[in-house]
Amino acid sequence: MSETELATRVAAAFQAHFGEQPEVATSAPGRVNLLGEHTDYNGGFVLPMALRGLGVAIAMGRGPAPGVIEAYSDTFHDAETRNIADGKEGRWSDYVLGCLKAVATEDVVETGLRIALITTLPMGAGLSSSAALEVASLRAVTELYGKEMTPEEIAIQARAVENDFVGMPCGIMDQFASSVGEPGNALFLNTRTLEHSPAPSPEGARFIIVHSGVSHQLTEDGYATRVAECNAACEALGVELLSDLGPDDLPRLDTIDDLLARRTRHIITDNQRVLDGLTALKAGDVDGFGKLMVSSHASQRDDYEITVPETDALVDAALAAGALGARQTGGGFGGSIVILAATDKIEAIGAALVDAFPKARVLAVT
Ligand code: GLA
C-alpha cells in the first residue's frame, strides 16, 4: 500500500469513528536494518532502509474538549481517552501522547484532539513500529498546528520521546530512517554526527523480510541490559563511546571482562561491516554484501547474544535455500530476519521458509 493510500485509509477510519473529516492525515514508514545493529547508541554507523507501504498512518482533528485526547486505533480496535497532562501508562497511546506533550501541549490544552491511527507494520517484528508511530504523530501534529520542524528535527524529537517519556533507551536509527529515509532506498547514517547519504541498491538481488513469529518486547530487560553493558565496557576501556574504537583496538579486549569484551567486539566489527557493506554496494559486490550479513548475524548470535533459536534457524535455512546473505534485523530477541536473494531465487527461498517454519511470514520484498 502506498503512503497516499495509507493516508486515505486513515482519513476514512477517522470519519467512520468520529463522524467527521480529519483536518490532517499523514503517515511514516517502518524500516529494515541491513547492517550495523546496536551500533547507534554507541555513536556508530548504521544502514537502514525505510519500508515502502509498511508504516503507520495518523489522522487528527481538533476536539472534543480542552486538554482531552481521544485516540482510536482502527488496527487494534481500541479507543483510549487521555489528557495532555497524563503521564505514561504503558499503552500504545503513550507514544502519541509523548509527541503531543513535546511539541504541542498548549495547543492541545486549548483545542483538545481526536486521533485515528492504522498500521500495516506488525508490532514487535523488529521493523520500528514505535518510531513510525512517533514520526507519524509528529508529522501530523506539526501540520495541524502549523509548526515548522525539519525531518531531522522530527527524528531527534521522536527519539527523545522514546528515551524520556516511553523509557526505552534506544539510539536514533529508527526515527531517523523513518523521518529522513526515502522508502525503498538504504540510508548510510553516522549516528554520532547525523551525516547521512543514500546507499545504492544491490544489482540483480532484493531483500526479503521474514517475520519469525516471535515478537520481541524491547522495553523488557534485554535491550537496556545491552546499553548498560556498553556503558560498562566504555568505562573499562577508558573511552566515551564504543565507536571511538576500531579494528586495531581488538587486541585491547583481552584486558577486560570476557562478556564486556564480546559485546565490544560486536560493536567494533558490526560498525566496520557497515563501512565495508557500503563499499561493497558501491562496487556492485552483491556477494560481498551477503557475506557481511552472514557474519553480522553470527556476531549478534555469539558476541552480542540477541538472537533467538527461531531467527538463527531461519537464517540457516535461508542460506541453505540459496540466499546470498541473511541476518536478524532490528533490536533483536526475536522479530524479523532480512535475506539478500538473487532476483530469480526470491520465490523459492520464501516458499522454503514458510514451508519449514509454520509461524514465519514473508512481510516484504524490497
Ligand atoms: C532498536 C532501537 C534502535 C537500534 C536497534 C538495534 O530498533 O530502537 O535504536 O538500537 O534496536 O540496532
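Computed from heavy atoms alone, side chains included, the values below leave out hydrogens, waters and symmetry copies. We're numbering straight along the sequence, starting at 1. Just follow the structure's listing: the first ligand is 1, and inside any ligand the first atom is 1.
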J.: Does Asn33 reach ligand 1 with a nitrogen or oxygen that is under 3.5 Å from one of the ligand's nitrogen or oxygen atoms?
T.: no
J.: Is it the case that the ring center of Phe14 lies less than 6.0 angstrom away from the ring center of His17?
T.: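 So the answer is no for these two rings.
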J.: Give the contacting part of Gln300 toward ligand 1: side chain, backbone, both or neither, where contact means a heavy-atom distance below 4.0 Å.
T.: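 It is neither; nothing of Gln300 touches ligand 1.
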J.: With side chains defined as the heavy atoms from C-beta onward, is the minimum distance between Val338 and Leu34 less than 4.5 Å?
T.: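 Yes. Closest side-chain heavy atoms under 4.5 Å.
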J.: Which ligand 1 atoms does Met173 reach within 4.0 Å, using its non-hydrogen atoms?
T.: 4 (C), 5 (C), 12 (O)
J.: Run the numbers for me: atoms of ligand 1, each under 4.0 Å from some heavy atom of Gly171, listed by number.
T.: 9 (O)
J.: Under 3.5 Å between some N or O of ligand 1 and some N or O of Met168?
T.: no
J.: Is there a nitrogen or oxygen of Ser128 sitting under 3.5 Å from a nitrogen or oxygen of ligand 1?
T.: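 No.
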J.: Of the choices Thr191, Asn163, Asp270, Asp174, which has the non-hydrogen atom that lies closest to atom 7 (O) of ligand 1?
T.: Asp174
J.: Taking the side chain as every heavy atom from C-beta outward, state whether Tyr145 and Val108 have any atom pair closer than 4.5 Å.
T.: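 Sidechains of Val108 and Tyr145: in contact.
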J.: The test is side-chain hydrogen bond (donor to acceptor under 3.5 Å, both in side chains); show your working for Arg192 and Ser243 and say whether it passes.
T.: CA-CA 9 Å; Arg192 187 192 290 248; Ser243 60; 2.8 Å; yes
J.: For ligand 1, which atoms have a heavy atom of Cys170 less than 4.0 angstrom away?
T.: 2 (C), 8 (O), 9 (O)
J.: Give the numbers and elements of all ligand 1 atoms closer than 4.0 Å to a heavy atom of Asp40.
T.: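 Those qualifying, in numeric order: 3 (C), 4 (C), 9 (O), 10 (O).
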J.: Which ligand 1 atoms, with their elements, are less than 4.0 angstrom from a heavy-atom of Arg31?
T.: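 Counting atoms of ligand 1 from 1, those under 4.0 Å from Arg31 are 7 (O).
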